[in-house]
Structure formats: structure tokens, C-alpha cells
Protein chains: 2
Amino acid sequence: MNLTEIRNSLISKGLRVTPQRLSIFEAIIKLHDHPSADEIIAFIRQDQPNIATGTVYKVLDSLVENGLISKVKTDKDLMRYDALMVNHHHLYCVDSDKIHDYIDEELDALIAGYFAKKEISGFKIEDIRLQINGKFINEPS
Amino acid sequence: MNLTEIRNSLISKGLRVTPQRLSIFEAIIKLHDHPSADEIIAFIRQDQPNIATGTVYKVLDSLVENGLISKVKTDKDLMRYDALMVNHHHLYCVDSDKIHDYIDEELDALIAGYFAKKEISGFKIEDIRLQINGKFINEPS
DNA sequence: GTATGTGCAAACTTTTTGCACTTCG
DNA sequence: CGAAGTGCAAAAAGTTTGCACATAC
């Protein structure tokens with residue numbers, strides 16, 4: 001996703017295009033490792049030292065509300081943000097506390113097939129995400 | 001799990017049995033709906049008004065460290081605690097923000113079978129949890 | 001021009017910490 | 001008795017808020 005696409009996605013949601021929104025959105029994509037608000041702020045301040053933390057939180061909220069990014073949480077720490085909006089799962093490293101995306105359509109189909117036959121009484125499933133805990137063997141970047 | 005069993009599980013981990021630990025552990029079991037630290041504190045203060053928040057957090061940490069309870073987080077809010085330690089999944093209600101446990105050995109077997117054949121390169125899986133988002137049709141208690 | 005967004009600083013919430021005191025074993 | 005645990009109050013960490021000012025459209 002490049003700057004023009006970011007711009008268009010803001011416009012498509014009726015959000016005004018501001019330098020702050022562009023750089024926050026871009027930061028999440030570039031940091032790509034589910035950055036926390038803090039990491040996003042630090043990254044942006046390299047170029048734009050005057051951005052306020054309040055602004056970053058407000059922008060993140062509005063992006064989440066408009067479905068442009070999503071929030072993730074680990075069991076240990078704070079909010080993380082994720083620009084990947086297609087259905088995907090998360091690999092959580094128990095050592096380094098990193099989160100990686102995991103896309104597997106075959107797995108999705110398998111699980112969807114299972115719940116097509118077996119329903120959970122009293123519960124209407126909308127979406128299933130796997131939290132796969134484990135360790136990276138050869139630390140990916 | 002009754003008081004004697006709670007007591008024994010503390011002893012088995014080398015933890016001293018204190019009234020605070022007993023009532024915190026008991027609260028999590030009785031509240032059974034993945035209470036937050038706040039809810040646990042409020043519940044205990046009904047009987048034991050002088051318990052300090054610092055103590056509750058310290059006790060919760062030690063119970064988590066010793067594998068007697070676990071932490072859960074939603075994408076929206078704070079830590080929640082869970083006394084169910086067997087492998088299980090979570091049903092998240094997108095409306096009410098409630099969390100329910102979901103145990104399904106057939107599903108576990110299906111997923112284990114899948115990952116026995118297909119491995120994720122560079123990642124050693126330890127444990128898989130499903131986050132099943134949806135809605136309760138007839139609100140269970 | 002005006003609705004929307006931003007900066008700033010203060011406040012709020014949740015969690016952590018240090019240390020003296022207490023209690024379990 | 002001694003190690004482990006608790007109470008308290010202060011502080012840290014992360015996030016939210018209100019309002020004046022600035023900017024996108």
C-alpha cells in the first residue's frame with residue numbers, strides 16, 4: 001500500500017487527508033510488526049517531531065473505527081495495531097513477544113467446514129481467529 | 001474446585017496459604033466470567049474490605065506465574081483472569097464484550113491433525129487458541 | 001467559511017513498586 | 001524465627017479528554 005492508496009482509503013471513508021493521518025497509517029504499514037502506539041509515535045517523531053500523543057491516539061481510533069486498521073492485544077501488554085485487514089491469524093512468540101501474521105486459506109476452509117456441521121448452541125459465529133503460540137526457530141525479521 | 005482443592009493447589013506450587021490468596025482464587029472461580037482485576041477487587045471487598053489493590057495484583061501475578069490461573073485480553077479492554085487451565089478456546093461476544101469458555105476436543109484434534117501435516121516454516125507451535133467472535137443468541141448467564 | 005482535525009497539557013485508569021509491618025509454616 | 005506475603009501510598013505507564021487553534025475541502 002503506497003501513499004496514494006492510503007490517501008484513497010481515507011477519502012473512501014470520508015476522512016480528511018492530513019499529514020498526521022498519512023504518516024501514522026504509513027508508520028503502521030512500514031513497521032509491519034504490529035507496533036504499539038509508542039512505537040508508532042517514536043517512528044513518526046523522526047520526521048515530524050511535533051506530533052502530539054493525543055493526536056496519534058485519536059487518529060488510531062478513527063482508523064480503527066473506519067475499519068482501515070485493527071487492534072490486537074497480547075496477553076501480556078498493551079494495544080498493538082495492524083494494517084492487514086484480510087482474515088488472518090497471529091503467531092505469538094512466547095519468548096520475544098513478537099506477533100506475526102499468518103494467512104492460511106486451507107486452514108480457514110477446514111475450520112469453516114467444521115463449524116458448518118457443528119454449531120455452538122446459542123452462539124452465532126461471525127469470525128474465527130487463531131492465536132498460535134510458540135517460538136520462532138530462526139528469528140525472521 | 002472447593003476451598004480444600006484451592007488450598008492444595010497453592011501448597012503444590014510451594015505458595016503459602018493466606019486468606020487473601022484463598023479469597024482471590026475463589027473469587028475468580030465464582031465470578032467465572034473472566035473477571036477483570038477490578039471486578040475481583042470489588043467482589044472480595046464485600047467480605048474483606050481492607051484488601052489492598054496492590055496485594056490483589058501481586059497475588060494474581062503469582063497465580064499466573066505458577067500456572068494456577070491465566071490471563072486473557074480482549075481487543076478492547078484490560079486484563080481478565082481465568083481459572084480454567086485445560087486447553088480451551090474463547091467465545092467473544094461482539095455486543096456485550098463477554099467472554100465464554102469453549103471446550104471442543106474434536107476441534108482440537110482436527111487442528112492438531114492439520115498442523116501435524118503442515119508446518120509453519122521457522123515456527124514451533126506450542127499451543128493454539130481460537131478466538132471465536134460472534135453473538136450470543138439467547139444470552140447465557 | 002466551516003466542519004473536521006490537531007496540539008497541548010491535564011486528568012484518568014489500570015497496574016506496578018518500595019518498604020515497613022505482619023503472618024504462615 | 002525467618003522467609004514469604006500484605007498494606008499502603010506514591011508513581012509509573014498507557015490512554016483519554018477539553019478546548020483553543022489550525023487546516024482540508
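Lettering follows sequence order; numbering is per chain, from 1.
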Taking side chain to side chain contact (heavy atoms under 4.5 Å, CB included) as the definition, give me every residue that meets it alongside Glu106(B), ordered by chain and number, with sequence neighbours left out. Tyr114(A), Lys118(A), Asp104(B)

Measure up the Phe136(B) and His100(B) rings against each other and bin them: parallel (under 30°), tilted (30 to 60°), perpendicular (over 60°). perpendicular

Give me each pair satisfying salt bridge (Lys or Arg N to Asp or Glu O under 4.0 Å) with a member in residues 51-63 of chain A, each pair once, sequence neighbours excluded. none

Please report, rounded to the nearest Å, how far the P atom of dG5(D) is from the CG atom of Leu60(B). 14 Å

Between dT4(C) atom P and Asn66(A) atom CG, what is the distance in whole Å? 13 Å

Axis-to-axis angle for the helix from dG1(C)-dC25(D) to dG25(C)-dC1(D), ends of five pairs each, to 10°, equals 40°

Here the side chain to side chain donor-acceptor pair (under 3.5 Å) pairs for residues 3-13 of chain A, sequence neighbours left out, are none

By side chain to side chain donor-acceptor pair (under 3.5 Å), which residues pair with Lys30(A), not counting sequence neighbours? Glu26(A)

Under the side chain to side chain contact (heavy atoms under 4.5 Å, CB included) test, residues paired with Glu65(B) that sit two or more places apart: none

Scan the side chains in residues 46-53 of chain A for donor-acceptor partners under 3.5 Å anywhere in the protein, sequence neighbours excluded, and list what turns up.
| residue | atom | partner | partner atom | Å |
| --- | --- | --- | --- | --- |
| Gln48(A) | OE1 | Ser23(A) | OG | 3.0 |

Just to verify, what does Asp108(A) make a salt bridge (Lys or Arg N to Asp or Glu O under 4.0 Å) with, not counting sequence neighbours? none

Whole angstrom is fine here: how far is it from CG in Asp61(B) over to P in dT15(C)? 10 Å

Nucleotide N/O of nucleotides 6-12 of chain C paired with protein N/O under 3.5 Å:
| residue | atom | partner | partner atom | Å |
| --- | --- | --- | --- | --- |
| dT6(C) | OP1 | Thr18(A) | OG1 | 2.5 |
| dT6(C) | O3' | Gln20(A) | NE2 | 2.7 |
| dG7(C) | OP1 | Gln20(A) | NE2 | 3.2 |
| dG7(C) | OP2 | Thr55(A) | OG1 | 2.8 |
| dG7(C) | O6 | Lys58(A) | NZ | 2.8 |
| dC8(C) | OP2 | Asn50(A) | O | 3.3 |

Under the salt bridge (Lys or Arg N to Asp or Glu O under 4.0 Å) test, which residues partner Lys135(B), sequence neighbours left out? Glu126(A)

Please give me every residue in residues 4-17 of chain B whose heavy atoms get under 4.0 Å of an atom in DNA chain C, ordered by residue number. Arg16(B), Val17(B)

Counterpart residues, side chain to side chain donor-acceptor pair (under 3.5 Å), relative to Asn66(B) (two or more places apart): none

side-chain N/O Tyr57(A) vs dT16(D) OP1/OP2, d < 4.0 Å: no

